Amino acid sequence: MGKILTIADLKKQAERRVPKMFFDYADSGAWTESTYRANEEDFARIKLRQRVMVDMTDRSLATEMVGQKVSMPVALSPTGMTGMQHADGEMLAAKAAEEFGVPFTLSTMSICSIEDVASVTSKPFWFQLYVMKDRDFVNNLIDRAKAAGCSALVLTLDLQVLGQRHKDLRNGLSAPPKFTPKHIWQMATRPKWCLDMLRTKRRSFGNIVGHAKNVSDLSSLSSWTAEQFDPRLSWKDIEWIKQRWGGKLILKGILDEEDARASLDTGADAIIVSNHGGRQLDGAHSSVAMLPKIVDAVGDRVEVHMDGGIRSGQDVLKAVALGAKGTYIGRPFLYGLGADGKQGVTTALEIIRKEMDISMALCGKRLITDVDRSILA
Ligand SMILES: Cc1cc2nc3c(=O)[nH]c(=O)nc-3n(C[C@H](O)[C@H](O)[C@H](O)COP(=O)(O)O)c2cc1C
């Protein structure tokens, strides 16, 4: 492998290092994957205005997301089973994010637990909540996130039922992995991954095992979500969650203007325009296509963030130009993690920072906080 210069380079490297079932888990969308592809393709269609003869010294990408300082407007998305891309993946990614000065969001469906991540970080991270039918368990998760000092709760709204991802079903995805000949082969051909995995004890869902009652089949994500996730979740539920949590609240998974307007009554601090990385409703619009409409619908009554399809710093710049106060990356950091552990996550963040900084300058702006729709052609 030559020099790593792009997120696509990290993806290639991850494919060589991560067993197929887990690489595919990251690189997949629901059904035909049309929304997964649209997230990236629609970014590529947006054009920037090249400006010249502007003073480009003293540039800064620093800004704030939900009132917290960030070195650039890019957080790490909550992603399930991150500890299967690389041993202790959530702990490594959280450390990389902390050193970089951007938020790390831990998924409910992580391998390393809230307490594991808290034990290796010194600044607060964010916690993403899935609401289960078992409310005692949910209350307990919220309390654990509070006790760990998490500084924002990201409530995911777009996964009451699980979208079907064909690759996962064909691969027989589970955590810990099964030991059929096919799975053994997929792992045996990735010896470095196996060695690292043998050195850790974290190989199943750390936030859940030992905390939830009556967990019958946790290893299969699809059967567990079908059994445990609450399909009745409604706008009304946000009230008790907000009250129990008592801190910054971010609503994740809004893709419709009507839902965006409805979210204003909840008192949330931010919403994330998102289609779950194209993993839920295949055939829905891309996030970046819906972003300006949602920004127009809510005005400045709530902070608008977005995720889905960001593969470069230019993409972040375009999202900010369209009104996003912050963005999130899912696959880009997962590919970095699979490619090279903590260093790979840092590399992903560095690639994005450099691209964003140079592109911003060539658009004639010095501060990310000054970027608006005027930089778009
Ligand atoms: C492998 C994987 C696992 C994910 N797991 C979760 C999760 O547990 N909770 C959640 O809210 N979103 C989850 N997502 C969605 C991400 O938070 C985010 O919305 C999406 O990845 C952004 O798109 P991008 O990957 O194109 O950057 C997951 C995404 C991926 C790729």
Side-chain angles (χ1 to χ4, degrees), residues 7-8 10-11 14 18 21-30 33 35-44 74-86 89-90 93 103-112 126-132 141 152-160 162-163 165 167-168 171 173 175 205-208 221-222 224-225 228-229 233 250-255 271-281 284 286-288 291 305-312 315-316 319 324 326-338 345 348-349 352:
I7 298 299
L10 286 172
K11 179 175 180 179
V18 179
M21 64 193 122
F22 298 119
F23 176 80
D24 281 355
Y25 171 63
D27 183 25
S28 60
E33 303 191 331
T35 298
Y36 176 29
R37 286 190 299 274
N39 277 348
E40 293 177 37
E41 287 164 3
D42 286 355
F43 265 118
V74 181
L76 302 196
S77 292
T79 53
M81 287 204 259
T82 302
M84 287 290 142
Q85 302 295 330
H86 189 287
E90 291 90 355
F104 170 77
T105 317
L106 183 71
S107 164
T108 291
M109 301 308 292
S110 57
I111 302 294
C112 304
W126 295 356
F127 181 67
Q128 175 264 328
L129 183 69
Y130 277 135
V131 181
M132 320 281 171
L141 267 178
L153 187 74
V154 176
L155 179 66
T156 298
L157 310 182
D158 62 3
L159 201 140
Q160 283 166 273
L162 188 73
R165 303 149 199 168
K167 287 174 193 156
D168 294 349
N171 286 331
L173 175 79
F205 295 94
N207 289 327
I208 294 162
L221 200 57
S222 50
W224 202 77
T225 40
Q228 303 287 333
F229 281 34
L233 190 68
I250 303 174
L251 303 180
K252 176 173 186 280
I254 289 186
L255 200 68
I271 58 173
I272 310 178
V273 177
S274 172
N275 49 36
H276 216 99
R279 298 162 75 79
Q280 287 292 93
L281 179 62
S286 71
S287 304
V288 73
L291 172 65
H305 300 173
M306 75 84 66
D307 74 20
I310 290 174
R311 298 294 177 267
S312 70
D315 294 341
V316 179
T327 68
Y328 300 71
I329 50 169
R331 278 95 169 187
F333 100 81
L334 292 176
Y335 296 147
L337 185 66
V345 177
L349 289 167
I352 286 176

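The first residue of the sequence shown is numbered 1, and numbering continues consecutively from there. Ligands are counted one by one from 1 in listed order, and the atoms in each one are counted from 1 as well. None of the values given here were measured: they were computed from a predicted structure.
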> Would you say that V273 contacts L255 through its side chain, given a criterion of any heavy-atom pair below 4.5 Å between the two side chains?
yes
> Checking side-chain polar atoms at under 3.5 Å, does Q128 have a donor or acceptor matched by the opposite partner on T156?
yes
> Check whether any side-chain heavy atom of N39 lies under 4.5 Å from a side-chain heavy atom of S286, and answer yes or no.
yes
> Are T108 and N207 linked by a side-chain donor-acceptor pair shorter than 3.5 Å?
no
> So which atom in K252 and which in P78 form the shortest heavy-atom distance, rounded to 0.1 Å?
CE-CG, 3.9 Å
> Check each protein residue for a heavy atom under 4.0 Å from ligand 1 and list those that pass, ordered by chain and number.
Y25, A26, S77, P78, T79, G80, S107, Q128, Y130, T156, K252, S274, H276, G277, R279, D307, G308, G309, R311, I329, G330, R331, P332, L334
> Answer yes or no: is there an ion pair linking E33 with K167, defined by an N-O contact shorter than 4.0 Å?
yes
